[in-house]
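The structure appears right after this line, and notes come after that.
These values consider heavy atoms only, across backbone and side chains, with no hydrogens, waters or symmetry-generated copies. Here the structure is a predicted model, which is why all the values come from computation and not from measurement.
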Amino acid sequence: MNNTLTLLGLLSREPSYGYDLKHSYDRYFGAEKPLAFGQVYSTLARMIRDELIRALGEEAGGGPDRKKYEITRAGQDRVRQWLFTPDVPSEALQSELFAKTVVALLIDDDAGRLLDVQRSEHMARMRELTRLKKDADLLQVLMCDHGLFHIEADLRWIELTGARLTQLKKELQSA
């Protein structure tokens, strides 16, 4: 996920302080990995440099002065471009698991065991995501469903590959 464009998108709603942007980001997207304050402020500085946002001014408070930011026309254009540029489905056809499976077969190790271990890890993650969905709001449910569907695809690949290990090993040995 592109944190810069996500923060810019959040800022598109209304002018905001860095502190508030960080909390909005964490609320919507940071369930697994909240943004650090330093990352938010360095991103805001880059967006000012790139003229995607501007600082509206400073406000004195209990701590350091607070800066309020607003999106520029260029920033709004960039958000719209980002929103309506389709994501490319996974460009990498050769995942880490794919590489491990081929290497295991090449060095005559137990690729079936490797797939079993990975299947167990995927199943544990599925159980965790399913638990997270219970009593969750719709935003959290949709996020978990996204992860679950990706895991299901990986599990289908693991099953299919497991059924083809003997054939794959023969092909690799003859190459």
Side-chain angles (χ1 to χ4, degrees), residues 1-13 21-40 42-43 46-47 50 52 75-175:
M1 183 166 75
N2 185 319
N3 294 336
T4 299
L5 289 169
T6 304
L7 286 169
L8 190 59
L10 290 173
L11 196 53
S12 294
R13 297 183 325 169
L21 278 173
K22 184 250 190 292
H23 286 289
S24 290
Y25 179 95
D26 290 350
R27 176 179 172 214
Y28 297 120
F29 312 109
E32 301 235 341
K33 188 177 178 197
L35 281 181
F37 280 106
Q39 185 176 2
V40 171
S42 64
T43 300
R46 282 192 306 278
M47 287 193 288
D50 296 341
L52 299 173
Q76 291 169 346
D77 292 344
R78 183 65 189 103
V79 169
R80 294 217 27 100
Q81 177 188 15
W82 171 62
L83 286 176
F84 297 104
T85 300
D87 292 338
V88 175
S90 182
E91 294 178 18
L93 293 177
Q94 298 178 0
S95 70
E96 186 84 8
L97 180 56
F98 175 83
K100 287 179 178 183
T101 303
V102 170
V103 168
L105 292 171
L106 288 172
I107 64 173
D108 203 29
D109 211 326
D110 191 351
R113 179 172 162 257
L114 161 73
L115 294 175
D116 288 341
V117 167
Q118 191 62 56
R119 183 184 301 104
S120 293
E121 187 67 23
H122 274 56
M123 295 301 291
R125 181 68 174 148
M126 282 184 92
R127 285 189 294 276
E128 179 184 342
L129 290 174
T130 301
R131 273 193 306 275
L132 284 173
K133 285 175 57 171
K134 290 184 167 105
D135 302 320
D137 62 15
L138 184 57
L139 186 68
Q140 181 81 12
V141 168
L142 290 173
M143 184 181 68
C144 290
D145 283 344
H146 187 266
L148 286 165
F149 294 149
H150 280 271
I151 292 169
E152 287 175 2
D154 285 349
L155 287 170
R156 285 195 309 271
W157 183 87
I158 288 168
E159 290 304 314
L160 182 62
T161 302
R164 294 177 170 173
L165 282 177
T166 302
Q167 179 185 354
L168 180 57
K169 186 172 184 172
K170 285 178 187 174
E171 286 186 22
L172 289 171
Q173 288 174 343
S174 67

Seminar exercise, completed: For Leu35 and Asp26 the tightest heavy-atom approach is N-OD1, 2.9 Å

Exercise. Quick one: side-chain hydrogen bond (donor to acceptor under 3.5 Å, both in side chains) pairs with a partner in residues 130-140, sequence neighbours left out?
Worked result: Lys133-Asp145

For this session: Flag the pair Gln39 / Lys22 as yes when at least one side-chain heavy-atom distance between them is below 4.5 Å, and no otherwise.
Result: no

For this session: Kindly determine whether Lys170 and Thr166 satisfy side-chain contact (heavy atoms from CB on, under 4.5 Å), including the steps that lead there.
Result: CA-CA 6 Å; Lys170 285 178 187 174; Thr166 302; 4.1 Å; yes

For this session: Provide the closest heavy-atom pair for Leu129 versus Cys144 in the form atom of the first, atom of the second, distance.
Result: O-SG, 3.7 Å

Exercise. Which pairs, with at least one residue in residues 102-118 and sequence neighbours excluded, count as a salt bridge (charged side-chain N to carboxylate O under 4.0 Å, His left out)?
Worked result: Asp108-Lys169, Asp116-Arg119

For this session: Kindly determine whether Met123 and Leu155 satisfy side-chain contact (heavy atoms from CB on, under 4.5 Å), including the steps that lead there.
Result: CA-CA 9 Å; Met123 295 301 291; Leu155 287 170; 3.6 Å; yes

Problem set entry | Contact check, side chains of Arg164 and Leu160, non-hydrogen atoms, under 4.5 Å | yes

Seminar exercise, completed: Test side chain to side chain contact (heavy atoms under 4.5 Å, CB included), reference Leu97, set Thr161, Leu115, Asp154, output is Leu115

Problem set entry | Heavy-atom pair with the smallest gap, counting every atom of Tyr25 and Lys33 | CE2-O, 4.4 Å

For this session: Supply the atom-to-atom distance Leu148 CG to His122 NE2, rounded to the nearest 0.5 angstrom.
Result: 11.5 Å

Problem set entry | Of all pairs that satisfy ring pair (Phe, Tyr, Trp, His ring centres under 6.0 Å), the ones with a partner from residues 134-164, not counting sequence neighbours | His146-His150

Exercise. Can Arg46 and Thr43 be counted as having a side-chain donor-acceptor contact under 3.5 angstrom?
Worked result: yes

Seminar exercise, completed: Heavy-atom nearest pair, Val79 first then Ser12, reads CG2-OG, 3.6 Å

For this session: Decide side-chain contact (heavy atoms from CB on, under 4.5 Å) for Leu10 and Tyr28; before the verdict, give the C-alpha distance in whole Å, the side-chain angles of both, and the deciding distance to 0.1 Å.
Result: CA-CA 10 Å; Leu10 290 173; Tyr28 297 120; 4.0 Å; yes

Seminar exercise, completed: d(Gln167 CD, Leu172 CG) to nearest 0.5 Å is 10.5 Å

